[in-house]
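The block underneath contains the structure these notes are about, expressed in structure tokens.
All residue numbers refer to positions in the sequence shown, counting from 1. Counting convention: from 1, in listed order, for ligands and their atoms alike.
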Amino acid sequence: MAKKALITGITGQDGYHLANLLNEKGYEVYGIIRGQHNPKRERLEKEQPFVKIIEADLVDQSSLVRALQTAQPDEVYNLGAISHVGYSFKNPQLTADVTGKGTLNMLEAIRAVGGEKTIRFYQASTSEMFGGLDYNRPGEGYNEDSLFHPRSPYGVAKLYAHWITKNYRESYGIHASCGILFNHEGERRGVEFVTRKISNAVARIKLGKQDHIELGNLDPKRDWGYAGDYVEGMWLMLQQDKPGDYVLATGETHTIGEFLDLAFKEIGIEDWKPYVKENPDFMRPAEVDILLGDPTKAETVLGWKRKVDFPSLVKLMVAHDLELEASGEVLK
Ligand code: NAP
Ligand code: G4F
């Protein structure tokens with residue numbers, strides 16, 4: 001019998017990569033789509049016709065119960081969230097409801113269908129929970145034992161989701177694991193995130209479709225990996241005999257300026273400064289200055305290791321956007 005997986009956030013970056021991975025592994029893949037006319041549904045049906053779509057919403061627990069009854073999954077991957085940090089400052093309550101309490105709704109739905117002993121659960125936790133304050137293993141990278149100090153409504157909501165997942169593991173014996181993932185990017189990254197915003201703008205500048213890019217703070221450092229590598233880690237966590245929490249990261253950190261250096265070099269521009277304007281609209285009320293992860297536990301216990309390095313990541317994103325923009329296809 002093929003294993004069955006239910007993915008929330010199927011229309012997002014990670015949902016796309018994870019659905020492909022599970023399909024390759026022979027899983028029956030179910031994906032939750034929200035909204036009465038979600039424009040991303042058509043793309044999903046076209047690109048990943050193997051996904052069985054279920055309409056539900058993380059804020060509506062009864063819809064999650066029905067989704068579980070329909071899919072009868074062996075594994076649930078909870079990737080759905082308001083995931084943009086800047087947006088979370090503007091919509092903190094919605095972020096708490098979806099990103100925080102949405103996780104509780106799914107865990108309660110698992111209990112409601114009696115799935116505590118049969119369903120394995122993955123929670124998409126985040127390095128944003130650490131907050132980037134360097135009082136904690138300075139220079140070594142955050143690991144599973146590092147202190148949390150979230151710096152945004154998103155980070156706070158994710159920390160609630162993280163702890164409620166651990167609590168349900170301890171209280172009800174659910175095989176529930178949290179992947180504390182550092183930033184991961186790629187050709188499916190939303191254009192509202194800084195790496196994709198840059199790769200897309202660089203492609204458009206090369207093709208004469210735009211003459212500059214407006215960005216916020218260029219100083220923060222991020223531990224950027226490739227999303228395709230990270231979904232493999234999610235899957236590995238649910239294949240372990242015992243549930244646990246794991247950091248997935250590259251162990252390297254780079255500034256946005258370094259990303260700009262490499263991206264503009266791809267189109268033959270050495271000095272990007274004339275093409276970049278500062279726009280305070282993209283600044284945040286509180287910033288996470290530096291994120292650096294220590295993936296030793298995932299490497300040792302799961303045998304996970306990222307494959308795509310930073311220069312290759314930038315290269316693949318710019319190459320993809322050059323092709324996309326040249327084709328005249330609309331960015332979705
Ligand atoms: P993403 O591209 O922003 O996707 C978010 C997904 O959540 C979308 O499919 C979205 O659906 C869905 N969603 C939003 N509100 C929902 C609701 N009320 N009910 C059900 N689904 C809802 O995010 P991602 O980059 O793939 O990340 C996946 C998960 O990992 C997220 O939880 C994110 O917070 C977390 N994470 C990401 C990273 C990273 O670097 N990418 C790092 C650490 C953790 P629509 O398409 O309909 O909006
Ligand atoms: O690309 P970002 O929006 O990603 P951020 O805030 O690090 O969050 C992402 O990674 C987290 C994992 O650490 C995930 F949990 C979260 O869901 C999301 O996927 O911003 C990166 C940095 C920030 O310091 C931001 O202030 O880039 C800076 N930045 C500068 N100009 C900008 C911009 N960010 C965005 N989105 N847009 C700008 O114009």
Using a strict 4.0 Å cut-off to heavy atoms of Arg189, name the atoms of ligand 1 that fall inside it.
-> 25 (O), 39 (C), 40 (O), 41 (N)

Please work out which of the three classes, parallel, tilted or perpendicular, describes the rings of Tyr77 and Tyr122, given edges at 30° and 60°.
-> tilted

Could you check [atom] against the protein and tell me its nearest heavy-atom contact, residue, atom and distance included?
{"atom": "atom 36 (N) of ligand 1", "answer": "Tyr154 OH, 3.9 Å"}
{"atom": "atom 6 (C) of ligand 1", "answer": "Gly9 CA, 3.6 Å"}
{"atom": "atom 4 (O) of ligand 1", "answer": "Gly12 CA, 3.3 Å"}
{"atom": "atom 8 (C) of ligand 1", "answer": "Thr11 OG1, 3.6 Å"}
{"atom": "atom 31 (C) of ligand 1", "answer": "Leu79 O, 3.0 Å"}
{"atom": "atom 27 (O) of ligand 1", "answer": "Asp14 OD2, 3.6 Å"}
{"atom": "atom 3 (O) of ligand 1", "answer": "Ser83 OG, 2.6 Å"}

Decide whether the shortest distance between a heavy atom of [X] and an atom of ligand 1 is less than 4.0 Å.
{"X": "Asp57", "result": "yes"}
{"X": "Tyr16", "result": "no"}
{"X": "His84", "result": "no"}
{"X": "Asn183", "result": "yes"}
{"X": "Ala227", "result": "no"}

Determine, for Phe282 and Lys197, whether the Lys NZ or Arg CZ falls below 6.0 Å from the six-membered ring centre while staying within 45 degrees of the axis.
-> yes

Please determine if Arg189 forms a cation-pi arrangement with Phe193, meaning its NZ or CZ atom is less than 6.0 Å from the six-membered ring centre and no more than 45° off the ring axis.
-> yes

Name the option, out of [options], that contains the heavy atom nearest to [atom].
{"atom": "atom 13 (N) of ligand 1", "options": "Glu185, His184, Glu192, Arg34", "answer": "Arg34"}
{"atom": "atom 14 (C) of ligand 1", "options": "Gly35, Ser63, Ala81", "answer": "Ala81"}
{"atom": "atom 20 (C) of ligand 1", "options": "Val59, Asn78, Leu58", "answer": "Leu58"}
{"atom": "atom 30 (O) of ligand 1", "options": "Ser127, Ala124, Ala249", "answer": "Ala124"}

Residues that Glu108 engages under side chain to side chain donor-acceptor pair (under 3.5 Å), provided they are two or more places apart = Arg111, Tyr168

Can you check whether Val98 has an N/O within less than 3.5 Å of an N/O in ligand 1?
-> no

Would you tabulate the side-chain donor-acceptor contacts of residues 24-32 under 3.5 Å, counting partners in other chains and residues two or more places apart, or write 'none'?
| unit_1 | atom_1 | unit_2 | atom_2 | d |
| --- | --- | --- | --- | --- |
| Tyr27 | OH | Glu75 | OE1 | 3.1 |
| Tyr27 | OH | Glu75 | OE2 | 2.8 |
| Tyr27 | OH | Trp235 | NE1 | 2.9 |
| Glu28 | OE2 | Tyr30 | OH | 2.8 |

Sequence neighbours left out, what passes side-chain contact (heavy atoms from CB on, under 4.5 Å) with Lys209? Give chain and number order.
->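 side-chain contact (heavy atoms from CB on, under 4.5 Å) list for Lys209, sorted by chain: Arg204, Leu207, Glu325.
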
Leu324 versus Asn200, closest heavy-atom pair with distance | CD2-ND2, 4.5 Å

Can you pull every nitrogen or oxygen pair between ligand 2 and the protein closer than 3.5 angstrom?
| unit_1 | atom_1 | unit_2 | atom_2 | d |
| --- | --- | --- | --- | --- |
| ligand 2 | 1 (O) | Val194 | N | 2.9 |
| ligand 2 | 3 (O) | Arg284 | NH2 | 2.9 |
| ligand 2 | 6 (O) | Arg284 | NH1 | 2.6 |
| ligand 2 | 7 (O) | Asn183 | ND2 | 2.8 |
| ligand 2 | 7 (O) | Arg222 | NE | 2.7 |
| ligand 2 | 10 (O) | Asn183 | ND2 | 3.0 |
| ligand 2 | 13 (O) | Ser127 | OG | 2.6 |
| ligand 2 | 13 (O) | Asn183 | OD1 | 2.6 |
| ligand 2 | 17 (O) | Ser83 | O | 2.6 |
| ligand 2 | 17 (O) | Tyr154 | OH | 2.8 |
| ligand 2 | 19 (O) | Arg189 | NH1 | 3.1 |
| ligand 2 | 19 (O) | Arg189 | NH2 | 2.9 |
| ligand 2 | 24 (O) | Arg222 | NH2 | 3.1 |
| ligand 2 | 24 (O) | Glu287 | OE1 | 2.8 |
| ligand 2 | 24 (O) | Glu287 | OE2 | 3.2 |
| ligand 2 | 26 (O) | Glu287 | OE2 | 2.6 |
| ligand 2 | 31 (N) | Gly216 | N | 2.8 |
| ligand 2 | 36 (N) | His84 | NE2 | 3.4 |
| ligand 2 | 36 (N) | Glu192 | O | 2.8 |
| ligand 2 | 39 (O) | Lys197 | NZ | 2.7 |

Quick one: pull up OG1 in Thr99 and CG in Asn78 and give me the separation to the nearest 0.5 Å.
-> 9.5 Å

Are there more than 12 heavy atoms of other residues, nucleotides or ligands under 6.0 Å from atom NZ of Lys101?
-> no

Quick check: are there more than 12 heavy atoms from other residues, nucleotides or ligands sitting under 6.0 Å from CD of Gln93?
-> no

Residues Asp289, Lys221; criterion salt bridge (charged side-chain N to carboxylate O under 4.0 Å, His left out); working and verdict | CA-CA 6 Å; Asp289 292 327; Lys221 294 174 125 184; over 6 Å; no

Would you check if the distance from the ring center of Tyr275 to the ring center of His212 is below 6.0 Å?
->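 Centroid separation for Tyr275 and His212: 6.0 Å or greater.
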
Is Glu278 paired with Lys273 through a side-chain N to carboxylate O contact shorter than 4.0 Å?
->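 Judged by the 4.0 Å cut-off on N to carboxylate O distance, Lys273 and Glu278 do not form a salt bridge.
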
Any donor-acceptor pair under 3.5 Å linking the side chain of Tyr142 with the backbone of Gly132?
->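 Yes: the side chain of Tyr142 pairs with the backbone of Gly132.
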
For ligand 1, the portion of Lys158 having any non-hydrogen atom under 4.0 Å away =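 For Lys158, only side-chain atoms sit under 4.0 Å from ligand 1.
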
